[in-house]
Amino acid sequence: MQIKRNVLLNPGPSTTTDTVKMAQVVPDICPREKEFQSIMGPMREDLVKIVHGQDDYTSVLFCGSGTICIDVALNSLLDKDKMALVINNGSYSQRAVDVCRAYGLPLIELKQPIDTKPDLSPIEKALKDNEGSVGYVYVTYHETGTGLLNPVKEIGALAHKYGAFLITDTTSAFAMIPINVYEENIDFCMASAQKGIQGMTGLSFVIGKKDIIERSKDFPVRSYYCNLFMQYDFFNRTGEMHFTPPVQAIYAAKQALVEYWNEGEDNKWKRHQRVMNAIHEGEDKLGFKEYLSRDAQSGLVSAVLYPDDPNWNFDKIHDYCYERGFTIYPGKIEQQGTFRLCALGAIDENDIKDFWKVFEEALDKNGVQVPAEYSEG
Ligand SMILES: *Cc1c(COP(=O)(O)O)cnc(C)c1O
């Protein structure tokens, strides 16, 4: 079977290999069969291994897109009489704030600028002022809207110093940027199969400390479907998800993990960096500017500023590229026109070189000036 290959430069779902796509085509199976269970056990172990966790960590699978894990972690891991402390410096941490509000959780929202790494002193001050009452500190590992990388290790150390644990949303970093949960003071992290492991949407997972999950048995139950302990406990007793799992997404993830280990953590990260270098080279050549300075960037997302050119029209450029197999993505920054070019997925630098040719043609066809024009600076 021939499957058209699209190069996705959006921040996930990302380009997958044909072998991952084809792994979904399997005989119909009832997911309550032992044959199916035997896939999920090793998969849970593999996910923990990716972030170098040992026996004191586990992973718990959920059926849903990545946001389900933000919901699960925030609502399940807060004891009564405790407050959540969320560092809000981008659209994904705003999502965490919204989740806390939806559940009516006691919340300290610590707003920080979205274009630079956050200062540690207001974080420490908030922890000190509320010592003993903060249950967890939550920070987005990599803010996918801007490409900002947060100092998770330092924030985790502060959380621990004041008796809180650390939850970080690693959805757009997991299995791309090498992560070590011990070295980075991470008690809980999360991701979904359609990003770093290059699988399909529908399978997401929370990875975290077993002893804290066990303790959370006595925390208030705020959701029936999205409760971490209940899903963990069901896995332990039966080897299954509580409710119907995303069967095909799990077969795809199984193959994606085989390919992950074959490529290797270092080689994979080097490939993503190669892709980002090729993205940066093209931007420099065409005079496109970015929202973030390069030293604050994750290496996985570039948020590109719209040029101040009357002929610039994102949709037209998008459509031209899309018709030729390249997907670019609108930005997520308020009051600032940006689009995103991301280094996720099963792509390499040659794909980016091909993309820039098409992009340059799109500029030319639409009469957008090169080098790109910016009114300031
Ligand atoms: C993609 C992403 C998510 C999940 O988004 P969904 O649309 O629910 O899959 C969560 N957090 C971050 C940082 C992400 O990049």
Side-chain angles (χ1 to χ4, degrees), residues 8-16 47 50-51 59-75 84 86-100 102 112 114 117-118 137-152 155 166-177 179 184 186 188-208 223 225-226 228 246 249-250 252-253 256 272 276 291-292 296-303 327-333 338-345:
L8 302 185
L9 301 176
N10 50 297
S14 46
T15 300
T16 55
L47 295 170
I50 288 177
V51 288
S59 75
V60 185
L61 311 182
F62 289 89
C63 178
S65 80
T67 306
I68 198 172
C69 291
I70 303 179
D71 187 317
V72 165
L74 289 169
N75 95 67
V86 177
I87 295 157
N88 185 353
N89 62 347
S91 53
Y92 289 91
S93 33
Q94 179 62 47
R95 191 174 295 181
V97 166
D98 294 342
V99 169
C100 290
Q112 294 287 300
I114 68 166
K117 288 189 191 289
V137 175
Y138 180 100
V139 59
T140 306
Y141 195 96
H142 166 215
E143 269 294 349
T144 325
T146 51
L148 182 76
L149 203 59
N150 274 315
V152 170
I155 294 169
L166 185 91
I167 305 174
T168 182
D169 173 2
T170 52
T171 309
S172 60
F174 182 89
M176 293 178 283
I177 299 174
I179 294 173
E184 295 177 64
I186 296 169
F188 288 90
C189 61
M190 62 192 80
S192 52
Q194 81 272 18
K195 294 202 179 171
I197 68 166
Q198 300 172 185
M200 297 295 161
T201 308
L203 173 69
S204 297
F205 31 89
V206 175
I207 298 164
S223 169
Y225 197 79
C226 295
L228 183 60
I250 286 175
H272 291 301
M276 185 48 73
Y291 181 73
L292 272 196
Q297 289 181 23
S298 61
L300 291 168
V301 170
S302 171
T327 301
I328 62 175
Y329 200 67
K332 230 182 200 301
I333 302 168
T338 56
F339 66 97
R340 280 178 284 175
L341 300 176
C342 307
L344 280 65

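Note that ligands are numbered from 1 as they come in the structure, with each ligand's atoms numbered from 1 the same way. None of the values given here were measured: they were computed from a predicted structure.
- Residue contacts with ligand 1: Gln194 is included, with a non-hydrogen atom under 4.0 Å away.
- Inclusion of Pro11 in the set of residues having an N or O under 3.5 Å from an N or O of ligand 1 is not warranted.
- A donor-acceptor pair under 3.5 Å is absent between the side-chain atoms of Ser192 and the main chain of Ser65, judged by distance alone.
- Taking any N or O of Thr140, backbone or side chain, none lies under 3.5 Å from an N or O belonging to ligand 1.
- For the pairing with Glu143, the side chain to side chain donor-acceptor pair (under 3.5 Å) check across Ser93, Ser172, Ser298 returns one residue only, Ser93.
- The protein atom (non-hydrogen) at minimum distance from atom 11 (N) of ligand 1 is Asp169 OD2, 2.6 Å.
- Contacts between Arg95 and ligand 1, counted as non-hydrogen atom pairs separated by less than 4.0 Å, involve the side chain only.
- The Thr67 neighbourhood of ligand 1 comprises atoms 4 (C), 5 (O), 6 (P), 8 (O), with distances under 4.0 Å to a heavy atom of that residue.
- Any N or O atom pair closer than 3.5 Å counts here, and His142 shares no such pair with ligand 1.
- Checked by distance only, ligand 1 and Lys195 come closer than 3.5 Å through their nitrogen or oxygen atoms.
- Residue contacts with ligand 1: Tyr92 is placed with no nitrogen or oxygen under 3.5 Å of a nitrogen or oxygen of the ligand (distance criterion only).
- Side-chain atoms of Thr16 never come within 3.5 Å of backbone atoms of Gly199 as a donor-acceptor pair (strictly under, hydrogens ignored).
- One N or O on the side chain of Thr168 and one on the backbone of Val139 form a donor-acceptor pair closer than 3.5 Å.
- Formation of a donor-acceptor pair under 3.5 Å by the Glu184 side chain with backbone atoms of Val152 is not found in this model.
- For Tyr329, the OH atom is loosely surrounded, since the number of other residues' heavy atoms within 6.0 Å does not exceed 12.
- Less than 4.0 angstrom separates some heavy atom of Ser172 from each of these atoms of ligand 1: 13 (C), 15 (O).
- Residues Val301 and Thr146 fail the side-chain proximity criterion, which asks for heavy atoms closer than 4.5 Å.
- When heavy-atom distances to ligand 1 are checked against a 4.0 Å cut-off, Thr144 comes that close only through its side chain, counted from C-beta outward.
- Phe205 places none of its side-chain heavy atoms less than 4.5 Å from the side chain of Val60.
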